[in-house]
Asks: 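Here it is, the structure in full.
Counting starts at 1 for both ligands and their atoms, in listed order. In this text the structure is predicted, and so the values were computed from the model without any measurement. One is the number of the first residue; the rest follow in order along the sequence. Both backbone and side-chain heavy atoms feed into the values below; hydrogens, waters and symmetry mates do not.
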Amino acid sequence: MSALADLYTVPPEHVELRDTIRQIARERIAPRAAEIDREASYPHDLRALLGEQDILGLPFEPEYGGTGTGTLMLNIAVEEIAKADASTALILMIQDLGTLPIRLHGSEELRRRFLPRCATGELSPAFALSEAEAGSDAGGLQTTATRDGDEWVINGSKAWITNSGIADFYCVFAVTDRSAGHAHGITAFEVEADRPGFSVGKLEHKLGIRASPTGSPVFDNVRVPQANVIGEVGQGFKVAMSTLDRSRLGVAAQALGIAQGATDYAVAYARERRAFGQPINSFQGIQFKLADMETKCAAGRELLYQACCRADREDPELGKYSAMAKLFCSDTAMEVTVEAVQVLGGYGYVNDYPVERMMRDAKITQIYEGTNEIQRLVVARSLR
Ligand code: CAA
């Protein structure tokens with residue numbers, strides 16, 4: 001591909017919408033961030049706000065009630081929200097992740113049944129792939145689905161599932177033919193949370209993104225109709241992998257938002273805070289930290305935007321680029337937030353200031369939707 005074809009542009013309407021979302025995040029979301037983190041409470045009010053403002057419509061095409069504005073605009077929005085609060089950004093990210101399997105592989109009937117109500121925020125999904133013994137090794141699932149006439153019977157439990165207890169339906173990956181191996185023996189199902197045999201299970205107490213519940217849903221002889229199968233029977237592993245190729249862009253955008261939010265806060269603090277008779281941003285030791293933080297954010301944004309545009313034009317190298325963007329932006333988020341805490345000194349370490357929360361929130365971006373070791377593996381495989 002020529003260098004010219006790799007270029008992207010950000011349309012002016014995206015910039016306008018970004019500015020509106022930035023204002024909403026600053027005025028309505030940021031003031032709630034410390035409280036929902038401290039209380040580990042899911043912000044139903046902020047989800048309603050994102051619904052009212054059509055922000056939850058960003059992942060969806062117009063025929064399913066969405067904005068049809070594409071992957072780049074979606075992730076610009078994720079970044080803006082994550083600057084204010086990473087847990088609230090995850091509400092939008094999960095609207096994308098949890099519905100991608102249907103959007104990419106589902107029947108028209110499944111799309112019509114679920115997508116329009118997700119676009120308004122009435123329904124919220126979950127993506128239930130990982131298990132206690134199958135995280136990075138996503139093919140090692142123990143959950144099973146057995147055919148019984150026109151129905152499937154699902155048994156097992158999942159782990160580390162975002163939106164546990166909040167989601168109205170779960171995209172569940174289960175072994176349907178163990179002899180076929182993971183590439184051809186796993187199937188994806190839509191499971192509504194009100195089906196008999198479903199229970200929310202254990203919820204985790206976490207270091208970060210505390211306002212977003214994470215848990216281990218249980219499926220005990222849960223029956224779903226054949227119509228709830230997503231894509232073809234036996235193709236579930238590919239449904240999961242192709243979903244993650246796109247959803248990892250959301251993690252990259254969330255990480256970038258955390259990093260930029262921490263950088264902006266540290267810059268403003270260093271302008272005001274005085275030591276040895278002058279603002280601390282007059283010291284080169286601080287200036288160089290801030291310069292490195294800003295540079296890493298800018299570099300991450302270029303890679304993310306490039307990857308988003310590849311998603312929008314169905315580029316065959318999308319998987320490699322989304323892995324690189326997730327890897328780079330999440331490592332940046334961790335490095336930058338640690339430095340932001342350092343710039344604030346003792347104030348950085350206490351929860352009267354937001355940067356310690358940002359540092360705690362950053363850590364998960366190196367882990368979920370594929371650890372950064374898995375992202376390196378995906379990139380390295382593309383180089384063979
Ligand atoms: N798109 C489509 N198909 C793909 C694919 C992709 N990106 N990657 C692989 N496949 C296909 C392969 O072509 C192969 O099919 P064939 O045999 O027909 O050719 C099949 O899938 C198996 O491929 P591999 O043998 O290469 O798979 P693997 O077992 O070596 O695993 C892996 C590859 C990259 C390590 C994968 O297991 C992986 O991505 N692991 C990480 C999982 C992950 O990200 N989990 C996060 C869960 S989401 C989450 O965090 C929860 C939340 O709520 C936030």
Asks: Using the six-membered ring of Tyr42, assess whether NZ or CZ of Arg47 lies under 6.0 Å from its centre and within 45 degrees of the ring axis.
Replies: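 No - Arg47 does not lie over the ring of Tyr42 by the 6.0 Å and 45° rule.
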Asks: Considering only non-hydrogen protein atoms, determine which one is nearest to atom 41 (C) of ligand 1 and report residue, atom name and distance to 0.1 Å.
Replies: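 Going by distance alone, atom 41 (C) of ligand 1 is nearest to Ser136 O, 3.4 Å.
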Asks: Would Asp137 count as a polar contact of ligand 1, with the cut-off being nitrogen or oxygen pairs under 3.5 Å?
Replies: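 No, Asp137 has no N/O under 3.5 Å of an N/O on ligand 1.
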Asks: Short N/O distance, under 3.5 Å, between Ile374 and ligand 1?
Replies: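 No: no nitrogen or oxygen of Ile374 is under 3.5 Å from one in ligand 1.
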Asks: Heavy-atom distances under 4.0 Å are what count here, so tell me which part of Arg248 touches ligand 1: side chain, backbone, both or neither.
Replies: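 The part of Arg248 near ligand 1 is the side chain, not the backbone.
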Asks: For ligand 1, is Gly319 a contact, meaning one of its heavy atoms is under 4.0 Å away?
Replies: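 For ligand 1, residue contact (heavy atoms, under 4.0 Å) with Gly319 is absent.
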Asks: Classify the ring geometry between Tyr347 and Tyr269 as parallel (under 30°), tilted (30 to 60°) or perpendicular (over 60°).
Replies: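 Tilted: the ring planes of Tyr347 and Tyr269 meet at 30° to 60°.
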Asks: Under a 4.0 Å N-O cut-off, is there an ion pair linking Asp96 with Arg103?
Replies: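 A salt bridge is present here (some side-chain N lies under 4.0 Å from a carboxylate O).
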Asks: Can the ring centres of Trp160 and Tyr368 be said to be less than 6.0 Å apart?
Replies: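 Distance test on ring centres: not under 6.0 Å, no.
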Asks: Are any of the heavy atoms in Ala126 under 4.0 Å away from ligand 1?
Replies: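 In this structure, Ala126 fails to qualify as a contact of ligand 1 - no heavy atom is under 4.0 Å.
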Asks: Taking 4.0 Å as the limit for heavy-atom contacts, which would you say applies to Thr162 with ligand 1: side chain only, backbone only, both, or neither?
Replies: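 Contact part for Thr162 vs ligand 1: both backbone and side chain.
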Asks: Look at atom 36 (C) of ligand 1 and find which of Met241, Lys158, Arg381, Glu373 reaches it with the closest heavy atom.
Replies: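 Going through Met241, Lys158, Arg381, Glu373 one by one, Met241 has the nearest heavy atom to atom 36 (C) of ligand 1.
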Asks: Does the ring center of Phe127 lie less than 6.0 Å from the ring center of Phe173?
Replies: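 Ring centroids of Phe127 and Phe173 are less than 6.0 Å from each other.
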Asks: Ser130: heavy atom below 4.0 Å from ligand 1, yes or no?
Replies: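 Yes.
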Asks: How far is atom 29 (O) of ligand 1 from the closest protein heavy atom, and which atom is that?
Replies: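 Ranking protein heavy atoms by distance from atom 29 (O) of ligand 1, first comes His182 NE2, 2.8 Å.
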Asks: Please state which protein non-hydrogen atom is closest to atom 22 (C) of ligand 1 and give its distance, to 0.1 Å?
Replies: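 Ranked first by proximity to atom 22 (C) of ligand 1 is Phe237 CE2, 3.5 Å.
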Asks: Heavy atoms only: which of Lys326, Glu369, Met93, Lys238 lies closest to atom 49 (C) of ligand 1?
Replies: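 Comparing heavy atoms across Lys326, Glu369, Met93, Lys238, the nearest one to atom 49 (C) of ligand 1 lies in Glu369.
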Asks: Evaluate the ring planes of Tyr170 and Phe198, with Trp represented by its six-membered ring, and classify them as parallel (under 30°), tilted (30 to 60°) or perpendicular (over 60°).
Replies: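 Taking Phe198 first and then Tyr170, their aromatic rings sit tilted (interplane angle of 30° to 60°).
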